[in-house]
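Proteins get letters first, then strands, A, B, ... in listed order; numbering begins at 1 in each. None of these values were measured; they are calculated from a predicted model. Heavy-atom basis, side chains included; hydrogens, waters and symmetry copies ignored.
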Amino acid sequence: MTEVYDVPYMQRTRDYYRAQGYTTDYQWAQNSATPFCMPAKLLSECRVGIVTTAMPDTELGRNNRKIHSTLVSPIPESMYTEELSWHKTVTHTDDVNSFIPLKQLMVLKNEGGIGSLAPRFHSVPTEYSQRTTLEYDAPEILARLREDEVDIAILVPL
Amino acid sequence: MGLIARHLEANGLPTVIIGSAIDIIEHCGVPRFLYTDFPLGNPCGVPYDHEMQLSIINQAIALFRSSSETNTTERTTYIWSEDNSWRDGYSKVDKSNREELAQRGEARRRLQAEEKVAGLERSAMIP
């Protein structure tokens, strides 16, 4: 009987890469201080934006590891997740709402829990290079969310 | 994704991350984190369980109101299964797959070298 414990993903990944012959361990980002701000509006007035690590299930999305934006409606029937590290032997990603909360946020909007859902969500590629994330992807995601006039953002890595 | 959250927050846009890799997210340090203790792949809830998915997003949204300081982590109340063997199974390395992994690494490095020659800017992560 396996005990309940939080899976140590960093150690597992280090061991997995080493077994594949990689000699330099990946260095995960680590910071001493974390920024923080509160929403400027009531949640019932906030427009919500979504960011995912899944790519659009289109030729462009499958072949171009870059930032993509997709309309939230109609909810995409599938997303391209094959290149991401998720637990492929025990689950699946056939239900988009299990990793991008589109249907749920539409319900919340109708119930008045949030003001609105931004008309599009954004895909950001997972990157080896923290520098690429910090210097290119993060500012670009911020610019797109501002363009969408988003007040709060939900980020969902697979 | 942690770095993206930090950048948005530093620029005045409040964020919450919903995820299942608690060690990576807390190592990075993020303003608000809702931890779904599930296998990687379905942080918003079990596939097709709309009631659970709605409950999880409600908890995530509530964090914008309830968290008053940074590095806030909350857990969902859900469990994936009574059988916890999935915890041991992720990226397991043992004698049953050691040889196969070594070969996969070799193949991967060959492909990366070819992609570099072809001028591809961004390689895929190792799945």
Side-chain angles (χ1 to χ4, degrees), chain A residues 2 4-10 12-13 15-16 19-22 28-31 34-39 43 51 53 65 82-83 85-87 89-95 97-99 101 104-105 107-108 113-114 124-126 130 133-134 137-138 141-142 145 152-158, chain B residues 1-19 21-24 27-31 37 39-48 50 53-54 57 60-61 64-65 69-71 84-91 93 98 101-102 104-106 108 122 124-125 127:
Chain A
T2 309
V4 177
Y5 62 92
D6 294 330
V7 178
Y9 285 103
M10 292 191 289
R12 291 277 175 88
T13 304
D15 293 346
Y16 201 67
Q20 293 188 55
Y22 292 92
W28 280 270
Q30 186 171 25
N31 302 280
T34 305
F36 186 77
C37 59
M38 294 290 283
L43 291 175
V51 184
T53 50
R65 290 183 46 74
E82 200 48 43
E83 289 181 355
S85 299
W86 49 277
H87 207 145
T89 54
V90 299
T91 190
H92 62 80
T93 55
D94 296 345
D95 175 15
N97 297 296
S98 73
F99 57 93
Q104 301 90 302
L105 286 169
V107 171
L108 240 66
I114 59 168
V124 61
T126 49
Q130 290 170 24
T133 300
L134 289 168
D137 290 340
I141 289 291
L142 176 65
L145 290 171
I152 53 177
I154 299 179
L155 284 58
V156 192
L158 253 69
Chain B
M1 198 63 105
L3 293 172
I4 306 268
R6 295 172 58 87
H7 184 78
L8 299 181
E9 200 92 14
N11 285 277
L13 182 56
T15 62
V16 63
I17 290 185
I18 307 174
I22 189 171
D23 60 333
I24 294 173
H27 189 76
C28 182
V30 302
D37 185 16
L40 299 182
N42 315 114
C44 296
V46 165
Y48 306 113
H50 300 303
Q53 292 173 2
L54 196 57
I57 198 68
I61 290 282
F64 284 110
R65 203 176 43 235
E69 58 181 19
T70 198
N71 295 312
N84 280 289
S85 57
W86 61 271
R87 297 175 191 277
D88 292 345
Y90 185 81
S91 289
V93 180
R98 208 173 287 278
L101 286 173
R104 197 190 298 178
E106 285 301 323
R108 176 82 201 148
R122 295 199 192 191
M125 300 286 277

If you measure from [atom1] on [X] to [atom2] on [Y], what distance do you get to the nearest 0.5 Å?
{"X": "L145(A)", "Y": "N11(B)", "atom1": "CG", "atom2": "CG", "value": "11.0 Å"}
{"X": "Y5(A)", "Y": "D88(B)", "atom1": "OH", "atom2": "CG", "value": "3.5 Å"}
{"X": "W86(B)", "Y": "T89(A)", "atom1": "CH2", "atom2": "OG1", "value": "11.0 Å"}
{"X": "N97(A)", "Y": "L54(B)", "atom1": "CG", "atom2": "CG", "value": "10.5 Å"}
{"X": "M1(B)", "Y": "T126(A)", "atom1": "CE", "atom2": "OG1", "value": "9.5 Å"}
{"X": "L105(A)", "Y": "I61(B)", "atom1": "CG", "atom2": "CD1", "value": "5.5 Å"}

Side chain of [X], backbone of [Y]: donor and acceptor closer than 3.5 Å?
{"X": "T70(B)", "Y": "P35(A)", "result": "yes"}
{"X": "N42(B)", "Y": "H92(A)", "result": "yes"}
{"X": "Q104(A)", "Y": "H50(B)", "result": "no"}
{"X": "N31(A)", "Y": "G29(B)", "result": "no"}
{"X": "R65(B)", "Y": "L43(A)", "result": "no"}

Hey, does [Y] have a side-chain heavy atom less than 4.5 Å from the side chain of [X]?
{"X": "S91(B)", "Y": "D15(A)", "result": "no"}
{"X": "D94(A)", "Y": "P47(B)", "result": "no"}
{"X": "S98(A)", "Y": "Q53(B)", "result": "yes"}

For [X] versus [Y], what's the shortest heavy-atom pair and its separation?
{"X": "Y16(A)", "Y": "R104(B)", "answer": "OH-NH1, 2.9 Å"}
{"X": "P43(B)", "Y": "V156(A)", "answer": "CG-CG1, 3.4 Å"}
{"X": "T34(A)", "Y": "P31(B)", "answer": "CG2-N, 3.5 Å"}

Could you tell me which portion of [X] (side chain, backbone, both or neither) has an atom closer than 4.5 angstrom to a non-hydrogen atom of chain A?
{"X": "A60(B)", "answer": "neither"}
{"X": "D37(B)", "answer": "side chain"}
{"X": "V93(B)", "answer": "side chain"}

Would V7(A) and L40(B) satisfy side-chain contact (heavy atoms from CB on, under 4.5 Å), going step by step from the backbone distance to the final call? CA-CA 10 Å; V7(A) 178; L40(B) 299 182; over 6 Å; no
What option among [options] has the most heavy-atom pairs under 4.5 Å with chain A?
{"options": "E69(B), E106(B), R6(B), R98(B)", "result": "R6(B)"}
{"options": "P39(B), G105(B), G41(B), P14(B)", "result": "P14(B)"}
{"options": "L13(B), T15(B), V46(B)", "result": "L13(B)"}
{"options": "I17(B), N71(B), V16(B), I22(B)", "result": "V16(B)"}

Closest-packed option against chain B by number of heavy-atom pairs under 4.5 Å, given F99(A), Y9(A), W86(A): Y9(A)
Taking every non-hydrogen pair under 4.5 Å, which of I141(A), T53(A), I114(A) racks up the most with chain B? I141(A)
Going by the rule side-chain hydrogen bond (donor to acceptor under 3.5 Å, both in side chains), which residues pair with Q130(A) if we only count those two or more places apart in sequence or in a different chain? none
Holding to side-chain hydrogen bond (donor to acceptor under 3.5 Å, both in side chains), I want the full list of residues that pass it with T93(A), two or more places apart in sequence or in another chain. T81(A)
Between V107(A) and chain B, which part of the residue has a heavy atom less than 4.5 Å away: side chain, backbone, both or neither? side chain
Honestly, the part of V90(A) sitting under 4.5 Å from a heavy atom of chain B is both
Is there a side-chain contact (heavy atoms from CB on, under 4.5 Å) between H7(B) and L134(A)? Walk through the geometry before answering. CA-CA 8 Å; H7(B) 184 78; L134(A) 289 168; 5.6 Å; no
Just do the side-chain contact (heavy atoms from CB on, under 4.5 Å) check on I154(A) and I57(B) with the steps written out, would you? CA-CA 9 Å; I154(A) 299 179; I57(B) 198 68; 3.7 Å; yes
